[in-house]
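All residue numbers refer to positions in the sequence shown, counting from 1. Nothing here was measured: the structure is a model prediction, and the numbers come from that model.
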Amino acid sequence: MSVRVRIAPSPTGMAHIGTARTFLFNWLFARQRGGAFVIRIEDTDRERLVPGAVESLIDAIGWLGLDWDEGPEVGGPYGPYVQSERLALYHTHVDQLVQDGNAYRCYCSSERLDQLRKDQQARGEPPGYDRRCRNLSDRERAEFESSGTGSVIRFAVPSEGSTTFDDVIHGSITWENARLDDFVILKSDGYPTYHLAHLVDDHLMEISHVLRGDEWISSTPRHVLLYEALGWEPPAFAHLPAILGSDGKKLSKRHGPTGIAAFQEGGYLPEAMVNYLALCGWSPGTDEEVFSLPELVRRFALERVSKSGAIFDHDKLEWFNGLHIRAQSPAGLAERMRPFLPGKNRDIAAERLEPIARLLQDRLKTLAEVPELTDFFFQDPLDYDLALLVRPGMDNQATARALAAAANLARQVSPFVHEALEAGYRELCLELGLKTTQLFMAVRVAVTGKTATPPLFETMTVLGRDVVISRLEAAAAKLAPN
């Protein structure tokens, strides 16, 4: 079978973790099978459309390093790929269903339906349409039409029997038809519901496999019945496990960021996000955890997708992010860091930024930490509390003398590299009768303005001789002004 899969997001919200994981699994399956991957925009819920949602999706996909064969921006032979541009197709198939007796026009008002639902709940019954309009006489229908009463089209679900479908992940699933109500397939505004529109599109676009979230399992019997009524063969179904928060409940904002844009802005690498998302519901069957995208294409298998929900762990994602940061070349990491530098610092020359990247590489967990960890490279003069310079057992005068000696040593050290600096400053401690913790911390604060930084002498090397001397002398002068 020629594999054709799709993702059909509704632009009713910004791209989030669940959408990205579904996109990734579809993409991996298509690429592994040499098939086609399609994006289709399902914008038939006109009241809930969110401006910028489609652009958010496209941006998220590009950021993750994925692509698509047909859909927005690339076109394709089965277009258009936006449902609001395909209305005539849906109306043709709705008319066919009505003509064949598989669907009917319903004139019930929203007030009646609300009351029906309340009455059912009061009786402890599952809510659902009571099929009042299914058996209207021709005269009753004519009266509704002549009065201008608004209407929808409902699918006539068989009242008896059962519907069975096979799921690649969950196996055979059977649903009693009596548990299904006559659901709406065409709304009063002339737009189809998801149930009809996605099914018509999947058939006409020759989609072979539908990979979607397992919240759609309960709707799939409806879709199978629609396929049967239209005389079409259903695609293969694979319902993916839900992504859950740390408490085992559906992932939401209370568990932390869920939007892809938040992770972009939070300094996560797309490689780390792809790696982690692949493991949210799929297992390679080994203890391996770190995968590149090409490796995932080779290893991915629907048969190894879990039936149970996958916990999204922000701490584990951060761990993956650190791994992928350390896997970058210093030059590559420098360019990843650049957008996170404030203002004019983004224009720093590559030959200056690369040593900073190399210095921070083992320390960074996310690129959002870059501004705080690099600010002292660009500030002049530094702004810090002078009390931080004075270590226990020392006073201002003693610290000033030590810093002056440190500045003098910085002039003499050759070459100005961390090995020579460390050896020289350890010897200076002996000459001054100071503990390394006293001198080293005073020097650290003087040259960086911080008490916690990357390794001191590597930092001094990157700052350079002139900057180090200037900052040491300035600190000494502040403590013991003439």
Side-chain angles (χ1 to χ4, degrees), residues 1-10 18 21-23 25-26 28-30 32-33 35-38 40 42 83 90 93-94 96-97 100-103 126 128-129 131 153-186 192-243 281-282 300-310:
M1 179 188 296
S2 176
V3 168
R4 287 178 56 83
V5 298
R6 51 72 170 173
I7 186 170
S10 176
R21 199 279 307 271
T22 301
F23 192 107
F25 280 19
N26 274 275
L28 291 172
F29 184 68
Q32 185 186 72
R33 300 294 186 91
F37 180 60
V38 179
R40 188 175 66 229
E42 300 198 341
Q83 286 188 335
Y90 309 132
H93 292 95
V94 167
Q96 177 189 335
L97 289 168
D100 293 344
N102 291 312
Y129 182 59
R131 298 172 174 169
I153 304 294
R154 292 182 180 273
F155 181 71
V157 174
S159 57
E160 298 180 347
S162 61
T163 300
T164 298
F165 66 94
D166 291 321
D167 188 285
V168 176
I169 297 169
H170 297 269
S172 180
I173 297 176
T174 297
W175 209 272
E176 296 300 320
N177 292 338
R179 296 173 61 189
L180 307 174
D181 66 348
D182 288 1
F183 54 95
V184 176
I185 58 175
L186 190 71
T193 62
Y194 168 82
H195 298 301
L196 177 84
H198 91 276
L199 186 147
V200 170
D201 291 340
D202 284 349
H203 174 74
L204 297 180
M205 294 181 183
E206 300 184 7
I207 300 301
S208 64
H209 295 73
V210 171
L211 281 60
R212 59 188 178 188
D214 60 9
E215 68 270 19
W216 292 108
I217 287 179
S218 61
S219 294
T220 303
R222 295 180 171 90
H223 304 158
V224 171
L225 288 170
L226 268 171
Y227 273 110
E228 292 176 353
L230 290 165
W232 298 339
E233 185 71 21
F237 296 105
H239 288 92
L240 309 174
I243 298 183
W282 170 80
F300 183 77
L302 280 178
E303 292 73 19
R304 298 208 62 84
V305 172
S306 173
K307 296 179 182 179
S308 56

### Message
Testing the basics here: between I185 and A103, what is the closest heavy-atom pair and its distance to 0.1 Å?
### Response
CD1-CB, 4.1 Å
### Task
Show the numbers, then the answer: is there a side-chain hydrogen bond (donor to acceptor under 3.5 Å, both in side chains) between N177 and S159?
CA-CA 6 Å; N177 292 338; S159 57; over 6 Å; no
#### Entry: Ion pair R222/D182, N-O distance below 4.0 Å
no
#### Entry: Exercise: identify the closest heavy-atom pair between T22 and N26
O-ND2, 2.9 Å
### Query
Is there a donor-acceptor contact under 3.5 Å from the side chain of N102 to the main chain of A156?
no
### Message
What verdict does the side-chain contact (heavy atoms from CB on, under 4.5 Å) test give for L97 and L226, after you've listed the backbone C-alpha separation in whole Å, the side-chain angles of each residue and the deciding distance to 0.1 Å?
### Response
CA-CA 9 Å; L97 289 168; L226 268 171; 3.8 Å; yes
### Message
If I take atom CG from residue L230 and atom CG from residue L199, how far apart are they, to the nearest 0.5 angstrom?
### Response
6.5 Å
### Task
Could you tell me whether the side chain of S10 and the main chain of E42 form a donor-acceptor pair under 3.5 Å?
yes
### Message
With a 3.5 Å distance limit and no angle check, can you tell me whether R40 reaches the backbone of I7 through a side-chain donor-acceptor pair?
### Response
no
### Message
Classify the ring geometry of H223 against Y194: parallel below 30°, tilted from 30° to 60°, perpendicular beyond 60°.
### Response
perpendicular
### Message
side-chain contact (heavy atoms from CB on, under 4.5 Å) for Y227 and D202? Distances and angles first, verdict last.
### Response
CA-CA 11 Å; Y227 273 110; D202 284 349; 3.8 Å; yes
### Query
Do the rings of F25 and F300 sit parallel, tilted or perpendicular, given the 30° and 60° boundaries?
tilted
### Worked verdict on H195 versus F155 for side-chain contact (heavy atoms from CB on, under 4.5 Å)
CA-CA 10 Å; H195 298 301; F155 181 71; over 6 Å; no
### Message
Apply ring-ring contact (aromatic ring centres under 6.0 Å, His included) to residues W232 and H93 and explain how you reach the verdict.
### Response
CA-CA 12 Å; W232 298 339; H93 292 95; 5.1 Å; yes
### Closest approach of I217 to I173 (non-hydrogen atoms, all atoms of both residues)
CG2-CD1, 4.0 Å
### Summary
When every non-hydrogen atom of L180 is compared with those of P221, the smallest separation belongs to CD1-CB, 4.0 Å
### Query
Roughly how far, to the nearest 0.5 Å, is the CZ atom of F23 from the CG atom of L211?
12.5 Å
### Query
Do F37 and F29 make the cut of ring centroids closer than 6.0 angstrom?
no
### Task
Please say whether the positively charged group of R154, taken as NZ for Lys or CZ for Arg, lies over the ring of Y129, i.e. under 6.0 angstrom from the six-membered ring centre and within 45 degrees of the axis.
yes
### Query
Which pair of heavy atoms, one from V5 and one from H209, lies closest together, and at what distance?
CG1-O, 3.6 Å
### Task
Locate the shortest heavy-atom distance separating H170 from K307; write the atom from each residue and the value.
CE1-O, 3.7 Å
### Query
Please walk me through it: do Q96 and D100 pass side-chain contact (heavy atoms from CB on, under 4.5 Å)?
CA-CA 6 Å; Q96 177 189 335; D100 293 344; 3.6 Å; yes
